[in-house]
Asks: 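One structure, as structure tokens, below. Some questions next.
Worth knowing before you read on, the calculation uses all heavy atoms, side chains too, and leaves out hydrogens, waters and symmetry mates. Sequence positions, counted from 1, serve as the residue numbers for this chain.
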Amino acid sequence: MDNISGYKDRAIESLTGKWGNSAIATLIYMIIFGGIPIAFSYGVTLTQSCSTISDPLGNIIQIVLLPIFWGFEIMFLENIRKGDQELDLGKMFEGFKDYIRIMLTNLLVGIYTLLWTLLLIIPGIIKMYSYSMTNYILLDDPDLKYNSAIEKSMAMMKGHKMDLFLLDLSMIGWLILSIITCGIGLLFLTPYNLTAHAHFYEDLKAEEQQNIAE
């Protein structure tokens with residue numbers, strides 16, 4: 001496994017010459033995964049004058065669009081694997097080709113994380129990091145789904161949750177800058193963070209394969 005600086009440097013190297021497309025991809029993702037549910041919810045509120053309907057409708061739409069979330073995340077994993085090739089924005093929609101497996105697995109991750117968070121905030125954060133490799137596993141192990149994929153993520157992250165947490169924490173300056181710029185910085189922070197996560201996963205996978213070989 002690499003150190004925090006190593007993952008950040010590798011992420012920057014992987015995004016060199018691709019920051020523009022990465023920002024565009026992030027904007028598209030935000031519009032689809034965030035904007036569409038909000039627009040539908042707002043529309044229901046206007047037509048029915050019932051604000052209590054808006055949140056459930058928005059949540060339902062986000063659940064339907066979970067494959068977009070998966071595709072956006074794995075797009076950056078595919079990017080580091082392809083090296084100098086252009087960022088493939090089409091990967092963002094790949095999840096719809098295996099809709100049920102990807103949607104339901106991500107839904108389970110969300111439900112489990114929510115339940116742990118309702119218990120206590122810290123256990124919820126711990127579980128969030130335990131489940132953090134699930135989407136990459138869905139890509140690399142197409143036979144795995146639901147709890148099997150989640151359990152593999154938990155096994156891979158055993159002993160590494162704090163490492164990934166500290167990596168995320170090291171980007172707090174970027175987050176503050178994103179807030180100051182009214183969210184514009186997120187167009188660059190998000191690809192940076194997800195690319196660092198992708199490199200982290202690749203090292204976890206290599207470590208797992210080495211342990212199996214031994």
Asks: Should we say atom CD of E13 is surrounded by more than 12 heavy atoms from elsewhere, each under 6.0 Å from it?
Replies: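 For E13, atom CD is not crowded (no more than 12 foreign heavy atoms under 6.0 Å).
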
Asks: With a 3.5 Å distance limit and no angle check, can you tell me whether K18 reaches the backbone of Q85 through a side-chain donor-acceptor pair?
Replies: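 Yes; at least one donor-acceptor contact below 3.5 Å.
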
Asks: Are L120 and I111 connected in a single hydrophobic cluster, I mean Ile/Leu/Val/Met/Phe/Trp/Tyr linked by side-chain heavy atoms less than 4.5 Å apart?
Replies: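 In one cluster: no.
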
Asks: May I ask you to check whether over 12 heavy atoms, not counting those of I122, lie within 6.0 Å of atom CD1?
Replies: no

Asks: Does the plane of the ring in F76 sit parallel, tilted or perpendicular to the ring in F72? Use 30° and 60° as the thresholds.
Replies: perpendicular

Asks: Which label fits F165 and Y129: parallel for a plane angle under 30°, tilted from 30 to 60°, or perpendicular past 60°?
Replies: perpendicular

Asks: Are L66 and I28 connected into the same hydrophobic cluster when the rule is that any two of I, L, V, M, F, W, Y join if their side-chain heavy atoms are below 4.5 Å apart?
Replies: yes

Asks: Is it possible for you to say whether I126 and L164 belong to one hydrophobic cluster, with membership spreading through side-chain heavy-atom contacts below 4.5 Å?
Replies: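 Cluster IDs for I126 and L164 differ.
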
Asks: Could you check whether atom CE of M1 has more than 12 heavy atoms from other residues, nucleotides or ligands sitting under 6.0 Å from it?
Replies: yes

Asks: Over all heavy atoms of both residues, which pair between K8 and L167 is shortest? Give the atoms and the distance, please.
Replies: CG-CD1, 3.9 Å

Asks: Kindly give the heavy-atom pair with the smallest separation between P67 and G95, and that separation in Å.
Replies: CB-C, 3.7 Å

Asks: Between atom OH of Y131 and atom CG of N106, what is the distance when rounded to the nearest 0.5 Å?
Replies: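 Rounded to the nearest 0.5 Å, the OH-CG separation comes to 13.0 Å.
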
Asks: To the nearest 0.5 Å, how far apart are CH2 in W174 and OG1 in T181?
Replies: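 Reported to 0.5 Å precision, the distance equals 10.5 Å.
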
Asks: Can any side-chain N or O of T113 pair as donor or acceptor with the backbone N or O of G110 at less than 3.5 Å?
Replies: no

Asks: Tell me the closest heavy-atom pair linking K161 and S130, and the distance in Å.
Replies: CD-OG, 3.0 Å

Asks: Nearest 0.5 Å, please: how far is CG in L77 from CG in N135?
Replies: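 It comes to 10.5 Å.
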
Asks: Between the main-chain N or O of Y192 and the side-chain N or O of T195, is there a donor-acceptor pair closer than 3.5 Å?
Replies: no

Asks: Looking at Q62 and F33, would you say the former's side chain and the latter's main chain have a donor-acceptor pair under 3.5 Å?
Replies: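 Between the backbone of F33 and the side chain of Q62 there is a qualifying donor-acceptor contact (under 3.5 Å).
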
Asks: Determine whether Y201 and I80 satisfy the following criterion, side chain to side chain contact (heavy atoms under 4.5 Å, CB included), listing intermediate values before the conclusion.
Replies: CA-CA 11 Å; Y201 168 74; I80 69 172; over 6 Å; no

Asks: Report yes or no: do L108 and L144 belong to one cluster of Ile/Leu/Val/Met/Phe/Trp/Tyr joined by side chain heavy-atom distances under 4.5 Å?
Replies: yes

Asks: Would you give the length of the straight line joining atom OG of S14 to atom CG of L87, rounded to the nearest 0.5 angstrom?
Replies: 11.0 Å

Asks: For Y7 and D163, does a side-chain donor sit closer than 3.5 Å to a side-chain acceptor?
Replies: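 No - no donor-acceptor pair under 3.5 Å links their side chains.
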
Asks: Report the C-alpha distance between M30 and L187 in whole Å, list the side-chain angles of each, state the deciding distance to 0.1 Å, and finish with yes or no for side chain to side chain contact (heavy atoms under 4.5 Å, CB included).
Replies: CA-CA 9 Å; M30 289 178 173; L187 298 179; 4.1 Å; yes

Asks: Quick one: are L139 and W70 in side-chain contact, heavy atoms under 4.5 Å?
Replies: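 Counting from C-beta outward, L139 and W70 do come under 4.5 Å.
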
Asks: To the nearest 0.5 Å, how far apart are OG1 in T105 and CD1 in I137?
Replies: 10.5 Å

Asks: Kindly indicate whether the side chain of N79, heavy atoms from C-beta on, has any atom under 4.5 Å from the side chain of K91.
Replies: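 Side-chain contact under 4.5 Å: no.
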
Asks: Should the ring pair F200 and H160 be called parallel, tilted or perpendicular, given that the plane angle runs from 0 to 90° and is split at 30 and 60?
Replies: perpendicular

Asks: Provide the closest heavy-atom pair for M171 versus A196 in the form atom of the first, atom of the second, distance.
Replies: CE-CB, 3.8 Å

Asks: Using the rule that two of Ile, Leu, Val, Met, Phe, Trp, Tyr join whenever any of their side-chain heavy atoms come within less than 4.5 Å, decide whether L177 and L186 are in one cluster.
Replies: no

Asks: Start with the C-alpha gap between H197 and S132, add the side-chain angles, then the distance that decides, and say whether side chain to side chain donor-acceptor pair (under 3.5 Å) holds.
Replies: CA-CA 9 Å; H197 278 215; S132 60; 5.9 Å; no

Asks: Answer yes when R101 and D143 have at least one side-chain N-carboxylate O distance shorter than 4.0 Å, and no when they do not.
Replies: no

Asks: Above 12 or not: heavy atoms from other molecules or residues under 6.0 Å from NZ of K145?
Replies: no

Asks: Taking the side chain as everything from C-beta on, heavy atoms only, tell me whether Y99 gets closer than 4.5 Å to V64.
Replies: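 Heavy-atom side-chain distance check passes, below 4.5 Å.
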
Asks: List the steps and the verdict of side chain to side chain contact (heavy atoms under 4.5 Å, CB included) for M133 and M154.
Replies: CA-CA 8 Å; M133 300 296 115; M154 293 171 65; over 6 Å; no

Asks: Any sub-3.5 Å donor-acceptor pair from S153's side-chain atoms to A149's backbone N or O?
Replies: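 It does not hold such a pair.
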
Asks: Nearest 0.5 angstrom please: E202 CD to D2 CG, how far?
Replies: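 The distance works out to 13.0 Å.
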
Asks: Where do Y112 and N147 land on the side chain to side chain contact (heavy atoms under 4.5 Å, CB included) test, with the steps shown first?
Replies: CA-CA 10 Å; Y112 293 154; N147 286 330; 2.7 Å; yes

Asks: Answer yes when R10 and D203 have at least one side-chain N-carboxylate O distance shorter than 4.0 Å, and no when they do not.
Replies: yes

